[in-house]
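Hydrogens, waters and symmetry mates are skipped; everything else that's a heavy atom, side chains included, is used. Numbers for residues simply follow the sequence, beginning at 1. Numbering of ligands and ligand atoms starts at 1, following listing order. The model shown is predicted, which means the values in this text are computed figures rather than measured ones.
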Amino acid sequence: MLKIQNDPTAGHDSGTPPASIYGMALEQFQAAADRLGIDEGIRRVLSTPKRELTVAIPVRMDDGEVRVFRGYRVQHNLSRGPGKGGIRYHPDVTLDEVKALAMWMTWKCAITGIPYGGAKGGVACDPRGMSEAELERMTRRYATEISILIGPDRDIPAPDMNTDGRIMAWIMDTISMHGGFTVPGIVTGKPVSIGGSLGRVDATGRGVMIAVREAAARLGMDLRGARMVVQGYGNVGSTAARLLAQEGCVLIAAADSLGSSYYEGGIDPNDLGAHERSTGTVGGYPGSEPVSPRELMSLPCDILIPAALEAQIRGDNAAGVRARVVVEGANGPTTPEADRILEDKGVMVVPDILANAGGVVVSYFEWVQDIQRYFWDIGEINQKMDRIIADSFAEIFAISQREKVDLREAAMLLAVSRLEEAIKVRGLYP
Ligand code: NAD
């Protein structure tokens, strides 16, 4: 059984989520397109995903029953290179959400200068209720159904919520069996034993740590003793907490889909991880008290790291945020309405497409290593990734100062202008 990762009801607050996550992504794009004066044709191209594939995934369950799951793969734009983006397993996965996530991948690759377009995939399923064998059969059939789109030169999936190296290994094996030869470059985030990269598991959380470091330097904030709150204690949230603790930050609260723990005196992120592994949740950590999702978001702290789902900081709770900086480990955790409220309050928001780009950067390194059949050491990987995130931060910060816009809009200006250029130089086929 896959470890419990989410209960869609437990962590949500009572506020209204946006009607469409893709609508939220479009709103961010349109604001940047307006400011850049992008012409109408390019606007239409970038507002419309290039390919949207919906598949039926019939799976024989352990009791003999056949169930059919819905799966998706969306390629938003491939002007700058092959598609790149994770695969999410979650009961709430919809085509609308996958389209938004694919669009954000386009921007993320553009601002970090990585030669990929944006893509994303997902299957609407509840992995908690499935055995390992059922998950494997579903994954292999999903990989087969989307094999008409993916490939090392075409579109390269990676892990996202509730998917991990083991699932990437099944996808890689399935595509390799079809081809009759091993295709390591088909996915990233694989185990190191089959062509994965050192540093990939920690890469997104490490990138979040670097983004916090860069933000703190601009805010004149000392990381030693800085208090942090983390929502979502999975791959991204737990790694960010652990690496930031090494920089001197103090974790005062963390939450996952099943519970939360708050202790002003500081929680050891490694101990919390061990507690989570043994009990299935970060809730109930000895000596701590639980807080509601709304309370978690409004705890006085220096650094707030949403690292779970979209639309967690919204119009109805943004005013309560008392952090100095919000660093988005998750994709799309802040709605445009909340962005405006946070900006008015003077809270710095380091946007997802920058803050969590460490994962795609090391995925890119993995793909390069697979293609070259030549593997790098961990020092080289972490150093190269650090430089890309720090340089991208500096570039975006400079744009935000020059244009007098927040960091999200600055990042979007950079991303959209790079896409505009790529689309123009390639020209419109035919
Ligand atoms: P994960 O499955 O490892 O962890 C997700 C965590 O969020 C779990 O602790 C889960 O319990 C918690 N969670 C889920 N719903 C919640 C809720 N309603 N309230 C509180 N906690 C909740 O996933 P991950 O890979 O860490 O991804 C987390 C986020 O980071 C996602 O938005 C994902 O798209 C984004 N992201 C991940 C990567 C990556 O490399 N894994 C890269 C970039 C962005």
Consider ligand 1: state whether an atom of it lies below 4.0 angstrom from any non-hydrogen atom of Arg88.
yes

Would Arg200 count as a contact residue for ligand 1, given that I'm defining contact as a non-hydrogen atom of the residue lying under 4.0 Å from a ligand atom?
yes

side-chain contact (heavy atoms from CB on, under 4.5 Å) with Cys109: of Leu419, Ile353, Val360, only one passes, and it is Val360

State whether [X] and [Y] are salt-bridged, where the test is any N-O pair (Lys NZ or Arg NE/NH1/NH2 against Asp/Glu carboxylate O) under 4.0 Å.
X: Glu247; Y: Arg213; result: no
X: Asp173; Y: Lys190; result: no
X: Glu264; Y: Arg227; result: yes

Trp376 vs Phe365 aromatic rings, parallel, tilted or perpendicular, using cut-offs 30° and 60°?
tilted

Atom indices of ligand 1, in the order listed, that fall short of 4.0 Å to a heavy atom of [X]:
X: Leu309; result: 15 (N), 18 (N)
X: Asn162; result: 2 (O)
X: Thr204; result: 38 (C), 39 (C), 40 (O), 42 (C), 43 (C)

Flag if over 12 foreign heavy atoms under 6.0 Å of CZ, Phe375:
yes

Are side-chain N/O atoms of Ser131 and Asp62 paired as donor and acceptor at under 3.5 Å?
yes

Using a distance-only test with no angle check, is there a side-chain donor-acceptor pair under 3.5 angstrom linking Asp339 and Thr334?
no

Which is closest to [atom] by heavy-atom distance: [options]?
atom: atom 20 (C) of ligand 1; options: Asp256, Val362, Asn331; answer: Asp256
atom: atom 30 (O) of ligand 1; options: Ser257, Ala355, Gly329; answer: Gly329
atom: atom 7 (O) of ligand 1; options: Pro127, Gly234, Gly232; answer: Gly232
atom: atom 32 (O) of ligand 1; options: Gly332, Ala308, Ala203, Ser260; answer: Ala308

Output yes when a side-chain donor or acceptor of Thr335 lies under 3.5 Å from a complementary backbone atom of Ala311, and no otherwise.
no

Report the part of Ala158 (side chain from C-beta onward, or backbone N, CA, C, O) that has a heavy atom under 4.0 Å from ligand 1; answer both or neither where that applies.
neither

Check: [X] N/O within less than 3.5 Å of ligand 1 N/O:
X: Lys108; result: no
X: Gly359; result: no
X: Gly237; result: no

